[in-house]
Amino acid sequence: MEYVAHIKAELSGYPGPEKLVFKQGDFGERYFVVKLLRNGSPIQMGSDMTPRMQMEKPDGCQVFSDNNIEIQDDGTLKIQVTPQMSAAAGQGRIEVGLYKQGALLSTAVIDTLIYPNAMSMVKVASSNEYQVLVDALAQ
């Protein structure tokens, strides 16, 4: 049983009214779909681009990943919330970076609100996650 939120992200860099909200501790079945816009018009992801999710969590730790992103047929990006993305409650920021031959174009920052759990039986330690860098070092 998955939950999918739909948001838009502008490549101009200007933040819009979009906000992303999810619950602390939720992961695996929680997704958000990002429609990329250029000056308000939808764009298609090029096959030569690599999307990466970049997040500053409410506690100041960061998440940098790409293995939780699926490019949809309509050009949107379906991003799965990982355990580290939802570890800390509060206000954070997310952006999607599009990498192409050494160049980077990022979306506007998407304000993110992570609501705390009412009761937590298991506390997940929040830390930095740099999955993309770990994968690069492994290669």
Side-chain angles (χ1 to χ4, degrees):
M1 175 169 55
E2 68 181 39
Y3 178 81
V4 181
H6 294 267
I7 61 173
K8 299 172 186 165
E10 181 61 59
L11 289 171
S12 68
Y14 292 106
E18 297 289 328
K19 302 218 180 316
L20 183 61
V21 177
F22 52 93
K23 282 283 308 237
Q24 181 183 20
D26 282 5
F27 66 92
E29 291 296 319
R30 193 170 286 277
Y31 297 83
F32 56 100
V33 172
V34 180
K35 180 183 282 190
L36 302 172
L37 304 175
R38 178 185 299 131
N39 298 320
S41 298
I43 67 156
Q44 290 286 330
M45 276 283 304
S47 60
D48 57 347
M49 294 180 177
T50 302
R52 293 195 172 116
M53 198 277 315
Q54 302 157 174
M55 178 182 191
E56 181 178 27
K57 300 190 302 185
D59 61 1
C61 291
Q62 298 177 331
V63 176
F64 183 50
S65 64
D66 62 2
N67 67 341
N68 59 327
I69 300 175
E70 181 183 333
I71 301 171
Q72 304 292 292
D73 291 338
D74 64 358
T76 59
L77 303 174
K78 185 176 182 182
I79 301 176
Q80 183 179 40
V81 174
T82 67
Q84 276 302 317
M85 288 172 66
S86 66
Q91 295 185 7
R93 301 178 306 174
I94 289 178
E95 63 188 3
V96 176
L98 303 175
Y99 292 81
K100 178 181 174 180
Q101 299 173 349
L104 167 64
L105 180 62
S106 297
T107 65
V109 171
I110 302 162
D111 290 326
T112 305
L113 178 59
I114 303 165
Y115 278 103
N117 286 328
M119 184 173 88
S120 178
M121 301 302 280
V122 178
K123 300 251 182 205
V124 177
S126 179
S127 64
N128 293 313
E129 179 181 35
Y130 298 106
Q131 173 269 321
V132 170
L133 298 176
V134 170
D135 290 349
L137 289 172
Q139 290 179 3

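Between the side chain of Asn128 and the backbone N or O of Gln62, at least one donor-acceptor pair lies under 3.5 Å. Between the side chain of Glu129 and the backbone N or O of Phe64 there is no donor-acceptor pair closer than 3.5 Å. In terms of modelled atom types and a separation under 3.5 Å, the side chain of Ser65 and the main chain of Gln131 share no donor-acceptor contact. Listed for the Gln80 side chain is no donor-acceptor partner under 3.5 Å among the backbone atoms of Phe27. Between the side chain of Glu10 and the backbone N or O of Gly40 there is at least one donor-acceptor pair closer than 3.5 Å.
One hydrophobic cluster, built from ILVMFWY side chains closer than 4.5 Å, cannot hold both Leu37 and Met45; they sit in different ones. Taken together through direct or relayed side-chain contacts under 4.5 Å among Ile, Leu, Val, Met, Phe, Trp and Tyr, Leu105 and Ile110 form part of one hydrophobic cluster. Under the 4.5 Å side-chain contact rule for hydrophobic residues, Leu11 and Val34 share a cluster.
The distance from the CZ atom of Arg93 to the CG atom of Leu20 is 14.5 Å, given to the nearest 0.5 Å. Between atom CD1 of residue Ile43 and atom CG of residue Leu98 there is a gap of 6.5 Å, rounded to the nearest 0.5 Å. Rounded to the nearest 0.5 Å, atoms CG (Leu77) and CD1 (Ile71) are 6.0 Å apart. For the atom pair CD (Gln91) and CG (Asp111), the distance works out to 7.0 Å, reported to the nearest 0.5 Å. Atom CE of residue Met49 and atom NZ of residue Lys100 lie 5.0 Å apart, to the nearest 0.5 angstrom. The distance from the CG atom of Leu36 to the CD atom of Gln44 is 9.5 Å, given to the nearest 0.5 Å.
Residues Val109 and Pro15 are not in side-chain contact: their nearest non-hydrogen atoms beyond the backbone lie 4.5 Å or more apart. For the pair Phe32 and Ile94, the minimum side-chain heavy-atom distance is below 4.5 Å. Taking the side chain as every heavy atom from C-beta outward, Gln84 and Lys57 approach each other to under 4.5 Å. By the 4.5 Å heavy-atom criterion applied to side chains, Arg30 and Ser86 are not counted as neighbours.
Around the NZ atom of Lys8, the shell of radius 6.0 Å holds no more than 12 heavy atoms that belong to other residues, nucleotides or ligands.
The side-chain hydrogen bond (donor to acceptor under 3.5 Å, both in side chains) test with Lys78 singles out one residue from Glu70, Gln72, Glu2, and that residue is Glu2.
Nearest heavy-atom pair, Pro58 versus Gly92, reported as atom, atom and distance to 0.1 Å: CG-N, 4.1 Å. Residues Leu104 and Gly97 approach most closely at CD1-CA, 3.7 Å, considering heavy atoms. Nearest heavy-atom pair, Lys19 versus Ile7, reported as atom, atom and distance to 0.1 Å: O-CG2, 4.0 Å. The two residues Ser106 and Gln54 come nearest to each other via the heavy atoms OG-NE2, 4.0 Å. For the pair Gln24 and Ala89, the tightest heavy-atom approach, listed with the atom from each and the gap, is OE1-CB, 3.6 Å.
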Verdict with reasoning, Met85 to Asn68, per side chain to side chain contact (heavy atoms under 4.5 Å, CB included): CA-CA 11 Å; Met85 288 172 66; Asn68 59 327; 3.7 Å; yes

Evaluation steps, side chain to side chain contact (heavy atoms under 4.5 Å, CB included), between Met53 and Val63: CA-CA 8 Å; Met53 198 277 315; Val63 176; 3.6 Å; yes

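Applying the under-4.5 Å side-chain rule to Ile, Leu, Val, Met, Phe, Trp and Tyr, the cluster around Tyr115 extends to Val21, Leu113. Hydrophobic clustering, defined by side-chain heavy atoms of Ile, Leu, Val, Met, Phe, Trp and Tyr closer than 4.5 Å, groups Tyr31 together with Val4, Val33.
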